[in-house]
Structures are given as C-alpha cells and as structure tokens.
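Everything on this sheet refers to the single structure shown next.
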Amino acid sequence: MPIDATQPYDDSNIFAKILRGEIPSNKVYEDEHVLAFHDINPLAPTHILVIPKGPYVSWDDFSAKASDEEIAAFVRAVGRIARQAGLIGEGYRVLANVGMNSGQEVPHLHAHIFAGRPLGPMLAR
Ligand code: 5GP
C-alpha cells in the first residue's frame with residue numbers, strides 16, 4: 001500500500017528498524033548522516049537504497065526540514081556510492097518515490113540507485 005507522505009514520521013517503519021540494527025541489511029556505505037544497502041527485492045542487477053539517518057518520511061519532509069549538512073551528505077553519498085560501485089561509465093538511475101501516486105511503500109526517505117542493464121523509459125506509458 002502506498003503511504004501518505006504527509007503523515008508524521010513513524011519509527012516502526014522497516015528502515016528505522018534497519019537503522020537501529022533490529023533488522024539486518026546488506027550494507028554498502030555508511031557515514032555520520034547516511035546509510036546505504038542493497039534492496040531486498042532488486043529490480044535491476046544493481047539496486048541500492050540510500051537513506052538519511054534522520055527521521056524523514058519523504059523527499060518532501062527531508063527537503064523542508066533537514067539541515068544543509070544532512071542534505072549535502074545525502075546528495076554526496078548518492079554520488080559517491082555510484083562511483084564506488086563503478087557505475088559512471090555504464091550509467092545509472094536515481095529515483096525517489098514520494099507518497100501515493102509514486103507508490104512509495106516505506107515511510108522513510110530513500111533514493112533508489114538502479115544500474116547494470118539498460119533501464120528503459122523513465123515511466124511506462
Ligand atoms: P518504495 O516503493 O517505497 O520506493 O521502495 C521501497 C523499497 O524497499 C522496495 O524496493 C523494497 O524492495 C525495499 N525493501 C522493503 N523492505 C525491505 C527490507 O526489509 N530490506 C531491504 N533491504 N529492502 C527492503
């Protein structure tokens with residue numbers, strides 16, 4: 001079920017549990033503000049999720065409330081993770097779903113990094 005991105009942050013969500021170490025994840029990157037791990041149900045040969053450590057429901061919440069330091073760390077981490085994974089030559093896609101029409105399912109901001117094959121059109125027609 002897609003989430004309502006205007007809801008308050010709910011720290012029982014699955015990514016909050018991963019951040020607290022209550023659920024395992026296949027980690028690819030971590031710094032003071034950011035964690036990244038492989039998606040449990042990959043939609044491409046490379047499918048990495050990048051999340052801020054702070055409690056933000058969505059891109060909307062994050063862009064409105066996060067500090068400049070958190071935002072810079074998040075944007076730089078996405079780039080760094082893709083570079084470290086060797087994705088620049090072949091290319092990759094960064095995607096963040098926000099709320100109902102996007103199909104966002106986990107109410108903690110996450111950027112998807114997709115790569116490893118031609119990814120097709122941005123959206124199905
Ligand atoms: P959304 O649809 O919210 O943009 O994407 C949520 C993503 O989280 C999906 O691609 C889904 O496979 C992934 N996911 C859901 N639960 C887990 C989990 O427990 N561990 C990991 N690594 N990924 C998860």
Side-chain angles (χ1 to χ4, degrees):
M1 269 292 281
I3 64 123
D4 172 0
T6 64
Q7 70 185 46
Y9 188 79
D10 172 2
D11 69 6
S12 69
N13 78 77
I14 200 94
F15 292 169
K17 290 179 181 172
I18 286 175
L19 281 168
R20 290 194 297 267
E22 295 166 12
I23 288 180
S25 69
N26 190 355
K27 185 167 80 175
V28 297
Y29 175 85
E30 182 167 17
D31 67 26
E32 183 186 353
H33 294 296
V34 178
L35 180 69
F37 47 89
H38 291 285
D39 196 290
I40 202 167
N41 185 21
L43 296 172
T46 298
H47 185 173
I48 296 168
L49 300 172
V50 187
I51 69 173
K53 289 187 173 175
Y56 303 104
V57 174
S58 70
W59 191 278
D60 177 66
D61 196 22
F62 186 67
S63 60
K65 296 184 192 151
S67 67
D68 290 355
E69 186 178 326
E70 289 173 294
I71 291 171
F74 187 72
V75 173
R76 288 197 187 281
V78 170
R80 189 172 303 133
I81 291 158
R83 274 193 300 280
Q84 284 176 356
L87 305 180
I88 312 307
E90 67 180 22
Y92 63 99
R93 181 171 292 161
V94 179
L95 180 150
N97 289 317
V98 182
M100 300 294 283
N101 276 351
S102 74
Q104 182 183 359
E105 290 192 339
V106 179
H108 183 115
L109 170 63
H110 46 286
H112 298 256
I113 298 177
F114 298 111
R117 64 169 171 79
L119 295 166
M122 260 195 304
L123 293 174
R125 291 189 185 278

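Whatever order the structure lists them in is the order used to number ligands and atoms, beginning at 1. The first residue of the sequence shown is numbered 1, and numbering continues consecutively from there.
How far CZ of F37 is from CD1 of I81: 10.5 Å, rounded to the nearest 0.5 Å. For the atom pair NE2 (H38) and NE2 (H47), the distance works out to 11.0 Å, reported to the nearest 0.5 Å. Atom OG1 of T46 sits about 5.5 Å away from atom CG of L87, to the nearest 0.5 Å.
Atoms of ligand 1 found under 4.0 Å from any heavy atom of F37 (numbered from 1 in listed order, with element): 22 (N). The distance from ligand 1 to the heavy atoms of N97 drops below 4.0 Å at these ligand atoms: 1 (P), 2 (O), 4 (O). Below 4.0 Å from some heavy atom of N41 lie the following atoms of ligand 1, by number and element: 12 (O). Under a 4.0 Å criterion applied to the non-hydrogen atoms of G103, ligand 1 contributes the atoms 2 (O). Under a 4.0 Å criterion applied to the non-hydrogen atoms of Q104, ligand 1 contributes the atoms 3 (O). Near F15, the atoms of ligand 1 lying under 4.0 angstrom from a non-hydrogen atom of the residue are 8 (O), 24 (C). The ligand atoms of ligand 1 that sit less than 4.0 angstrom from a heavy atom of V106 are 3 (O), 6 (C). Residue-ligand proximity, H110 to ligand 1, at heavy-atom distances under 4.0 Å covers atoms 1 (P), 3 (O), 4 (O), 5 (O), 6 (C).
Of all the heavy atoms in Y56 and A66, the pair that sits closest is OH-CA, 3.4 Å. Closest of all the heavy-atom pairs between Y92 and A115 is CB-CB, 3.8 Å. Of all non-hydrogen atoms in Y9 and N13, the two that sit nearest each other are OH-ND2, 3.1 Å.
Residue-environment remark: CZ (R93) exceeds the threshold of 12 foreign heavy atoms within 6.0 Å.
The single protein non-hydrogen atom nearest to atom 13 (C) of ligand 1 is D39 OD2, 3.3 Å, given as residue, atom name and distance. The single protein non-hydrogen atom nearest to atom 16 (N) of ligand 1 is I14 CG2, 4.0 Å, given as residue, atom name and distance.
For the pair E105 and ligand 1, the shortest N or O to N or O distance falls below 3.5 Å.
By the criterion of a heavy-atom distance under 4.0 Å, the side chain of L49, and not its backbone, is placed next to ligand 1. Contact annotation: for F114 versus ligand 1, there are no heavy atoms closer than 4.0 Å. Under 4.0 angstrom from ligand 1, the non-hydrogen atoms of H112 all belong to its side chain.
The residue from I18, I40, V98 that puts a heavy atom closest to atom 15 (C) of ligand 1 is I40.
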Working for side chain to side chain contact (heavy atoms under 4.5 Å, CB included), residues L109 and F74: CA-CA 11 Å; L109 170 63; F74 187 72; 4.1 Å; yes

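Put simply, the residue from E30, E32, E70 that forms a side-chain hydrogen bond (donor to acceptor under 3.5 Å, both in side chains) with K53 is E30.
Within the 4.0 Å heavy-atom cutoff, H38 counts among the residues contacting ligand 1.
Between H110 and H112, the ring centre distance stays below 6.0 Å.
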